[in-house]
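These notes are about the structure you will find just below.
Residue numbers start from 1 in every chain, and the chains themselves are labelled A, B, ... in the order their sequence lines are given, proteins ahead of strands.
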2 protein chains.
Amino acid sequence: MTAIKSSSTIQQNKKTALEMCPVTFTMEKIGSYWKPIIIYHLSEGSKRYSELKKAIPAVTEKMLIQHLKQLETDGLVIREARPVVPPYVTYQLSESGRQLLPVIHAMATWATAHM
Amino acid sequence: MTAIKSSSTIQQNKKTALEMCPVTFTMEKIGSYWKPIIIYHLSEGSKRYSELKKAIPAVTEKMLIQHLKQLETDGLVIREARPVVPPYVTYQLSESGRQLLPVIHAMATWATAHM
DNA sequence: AATGATACATACTTTAGGGTAAGTACTTGT
DNA sequence: ACAAGTACTTACCCTAAAGTATGTATCATT
């Protein structure tokens, strides 16, 4: 009666796939809506939180810090906070963050050729 | 009483941002979980639907055709169906699909250096 | 008459990402 | 005393993406 169909399959392998597929690994790091945009803006150099906000007007603050925190824990950006009031916090790309720029550029190149 | 906060902002610009940001444009095309993986497997050449299934065991059939259709309407892959029974359908990268390979490779290169 | 192979389609549910709207802490300026 | 600036935080909601399970069409073979 309940013949299970093998076509719709397991996803337990998914985790292992994630650990083994380098492209997926990269997507995990930069594959959200805002992250590439943030990285792009940081490619110009260190920026304050408020500067990023101004540079990317469409992003909400929640999304902005959320992704900045994620990028920081992933080691792609470096956060520097000076203990002053009002706060002065800057973000910049780390070395591995900078090494992502070729990826971003490859994407941009492809896009401009195909939009 | 209801002082509206300007910090949490508009997203009407988002659409325009999408149309203007090339990186976002590319992400729209390949920025899902399975698409880069599918493209990678098609980089080896034309493949049948069932071959892709076997090559990517963790994907469900729903996701597989859903993304293949999307890639097709985006002009990244070409579908060829021979009118035989049982069906014989192959997928291959189009020219713009092939031009995505540098992006995929850049991602893979970065990943292998940072996993 | 039932089974198998192939390439899908589809109804339903779950989950994750993103969005909205506000609040907080600390100090300087008026 | 109170507003203003900076860099967040948090509670709640909404939607879109992904997953589960099953169904379908066609013909050849047994």
Just checking, is any N or O donor in the side chain of B:Q99 or B:E95 under 3.5 Å from an acceptor N or O on the other one? yes

Nearest-Å distance for atom pair CG/P, residues A:L64 and D:dA7: 10 Å

B:E72 atom CD is separated from C:dA7 atom C1', nearest whole Å, by 13 Å

Grab the CD-P distance between A:Q66 and D:dA7 for me, whole Å please. 19 Å

Using the side-chain heavy atoms of B:V85, tell me which of these nucleotides is nearest: C:dC8, D:dC8, D:dC27. D:dC27

Do you know the tightest heavy-atom contact between B:F25 and A:H114? CZ-O, 3.7 Å

Examine D:dA7: is either OP1 or OP2 under 4.0 Å from a nitrogen or oxygen in the side chain of A:S50? Give yes or no. yes

Report yes if a side-chain nitrogen or oxygen of B:H67 is closer than 4.0 Å to either non-bridging phosphate oxygen (OP1 or OP2) of D:dA17; otherwise report no. no

Among the nucleotides D:dT6, C:dG19, D:dA18, which one has an atom lying closest to any side-chain atom of A:T60? C:dG19

If you check every side-chain atom of B:P86, which of D:dA7, C:dG19, C:dT6 has the closest atom? C:dT6

Could you check how far CD of A:E61 sits from P of C:dT24, rounded to whole Å? 16 Å

Could you state the CD-C1' distance from A:E28 to C:dA16, rounded to the nearest angstrom? 12 Å

Hey, does the side chain of B:Y91 come within less than 4.0 Å of C:dC8's phosphate (OP1/OP2), counting only N and O? yes

Can you tell me if A:R48 touches the phosphate of D:dA7, counting only side-chain N or O atoms and a distance under 4.0 Å to OP1 or OP2? yes

Distance test, side-chain N/O of A:R79 to OP1/OP2 of D:dC8, below 4.0 Å: yes

Could you go through the side-chain contact (heavy atoms from CB on, under 4.5 Å) check for A:I39 and B:V23 one step at a time? CA-CA 11 Å; A:I39 291 170; B:V23 178; over 6 Å; no

Rounding to an integer number of Å, can you tell me how far B:L68 CG sits from C:dC8 P? 8 Å

Might you work through the side-chain contact (heavy atoms from CB on, under 4.5 Å) test for B:M63 and B:Y33, ending with a clear yes or no? CA-CA 10 Å; B:M63 284 295 103; B:Y33 191 93; over 6 Å; no

Whole angstrom is fine here: how far is it from CD in A:E51 over to C1' in D:dA7? 13 Å

Please enumerate all residues that pass side-chain hydrogen bond (donor to acceptor under 3.5 Å, both in side chains) together with A:K35, with sequence neighbours excluded. none

When all nucleic acid strands are considered with a 4.0 Å heavy-atom cut-off, which category describes A:K35: base, sugar-phosphate, or nothing? nothing

Can you tell me the distance, in whole Å, between the NZ atom of B:K62 and the P atom of D:dA17? 11 Å

Quick one: label A:I65 by what it contacts on the DNA or RNA (base, sugar-phosphate, nothing), any heavy atom closer than 4.0 Å. base

